[in-house]
Protein chains: 2
Amino acid sequence: MSTIKWSDKMSYSIGTFAEIVNLSIDTLRYYEKEGLIIPERDEHNRRTYTEKDREWIAFILRLKETAMPIKKIKEYARLRYEGDSTMKERRAMLEQHRLFIIEEKKKLEENLKHLDKKILTYHAMIDKYEKSKS
Amino acid sequence: MSTIKWSDKMSYSIGTFAEIVNLSIDTLRYYEKEGLIIPERDEHNRRTYTEKDREWIAFILRLKETAMPIKKIKEYARLRYEGDSTMKERRAMLEQHRLFIIEEKKKLEENLKHLDKKILTYHAMIDKYEKSKS
DNA sequence: ATAATGGCTGGAGTTAACTCCATGTCAACC
DNA sequence: GGTTGACATGGAGTTAACTCCAGCCATTAT
């Protein structure tokens, strides 16, 4: 009566995994060197990436997209690979990062407001300029 | 009957200007090498920065804060130093950048949402974990 | 008069995050 | 059984955006 879960046993070579997560093979190896993701190896020492790895990479990319430097992601990864006892630390990191993102958002909104103003003054200036030429 | 405008004639040395705009002297010289800001020189070849320069730097920093690479800022600066005839081009650049910022904001908001979810699941996981230890 | 201060130039060094390359192994296809 | 193709490793190269340094002038302070 157990449901078959293909995905549990499935694993990808670095080439196909690279395509799936849309990163280059070299980048994956670089992330491994930095300790962000450490895939299993098969009997020939080839990297084997799983569905879990895919989820983990997706999360890494979110952190990267919100400007977390690799060093910090590496720190988070280290804790994660250490196991459940580090959950509180990891949560604290994410909560700190959350505040950072909120700050970033504020800055972006401020700058967008100013940019909009600037664009408006450009419209006015260009109107004037066009008229002065006629 | 003309109003005296001190600020028009005022100018700062690179050292004091650096403090005012909160950039290092080296960064200012680097920006100049890249063509972002080209201050006047005095009779001894020393850079003299004006109030206009301060405003311009403030704008450069806004562009930087919204992740515009120096190459693009340089392009904008080039047009600006070329004069009024480039206003339309500059406005177009800013309008394009505006769209970019809006995209960035969207991404940030998306990622923030996911992060919040993740933090919530951490809270639940940690509760469970604490109980399992008692 | 000399020493400290501040600025100038050209060029080298640094950091992050990749990216590329030479060389080598192994399984598979013709 | 030789070639092809995917993967492995170690290390060099690249780009952006600074940052630092040596060697040289001019001005100011003692």
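What's counted below: heavy atoms across the whole structure, side chains too, no hydrogens, waters or symmetry copies. Numbered from 1 within each chain, the chains take letters A, B, ... in sequence-line order.
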Nearest heavy-atom neighbours spanning A/I70 and A/Y30: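 Shortest heavy-atom separation between A/I70 and A/Y30 comes out as CD1-CE2, 3.7 Å.
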
Salt bridge between [X] and [Y], side-chain N to carboxylate O under 4.0 Å?
| X | Y | answer |
| --- | --- | --- |
| A/R54 | A/E51 | yes |
| A/K107 | A/E104 | yes |
| B/E110 | B/K113 | no |

Pairing residues for A/K131 by the side chain to side chain contact (heavy atoms under 4.5 Å, CB included) criterion, not counting sequence neighbours: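 A/K131 satisfies side chain to side chain contact (heavy atoms under 4.5 Å, CB included) with no residue once adjacent residues are dropped.
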
Ring centre gap for B/Y76 and B/Y81 strictly below 6.0 Å: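 Judged by ring-centre distance (under 6.0 Å), B/Y76 and B/Y81 do not meet the cut-off.
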
Using nucleotides 27-29 of chain D, report all nitrogen or oxygen pairs with the protein that are shorter than 3.5 Å.
| residue | atom | partner | partner atom | Å |
| --- | --- | --- | --- | --- |
| D/dT27 | OP1 | B/H44 | NE2 | 2.5 |

DNA chain C contacts made by residues 68-82 of chain B, counting heavy atoms under 4.0 Å: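 Result for residues 68-82 of chain B: none.
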
With B/E75 via salt bridge (Lys or Arg N to Asp or Glu O under 4.0 Å) - residues at least two apart: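 With neighbours one apart ignored, the set is B/R78.
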
Within residues 25-43 of chain B, residues whose heavy atoms come under 4.0 Å of DNA chain D: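 Those residues are B/D26, B/T27, B/Y30, B/Y31.
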
Positional range of nucleotides in DNA chain C within the contact set of chain B, heavy-atom, under 4.0 Å: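 Contact span on the strand: C/dG6 to C/dT9.
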
Phosphate OP1/OP2 of D/dC7: any A/S13 side-chain N/O under 4.0 Å: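 Answer is yes, contact under 4.0 Å.
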
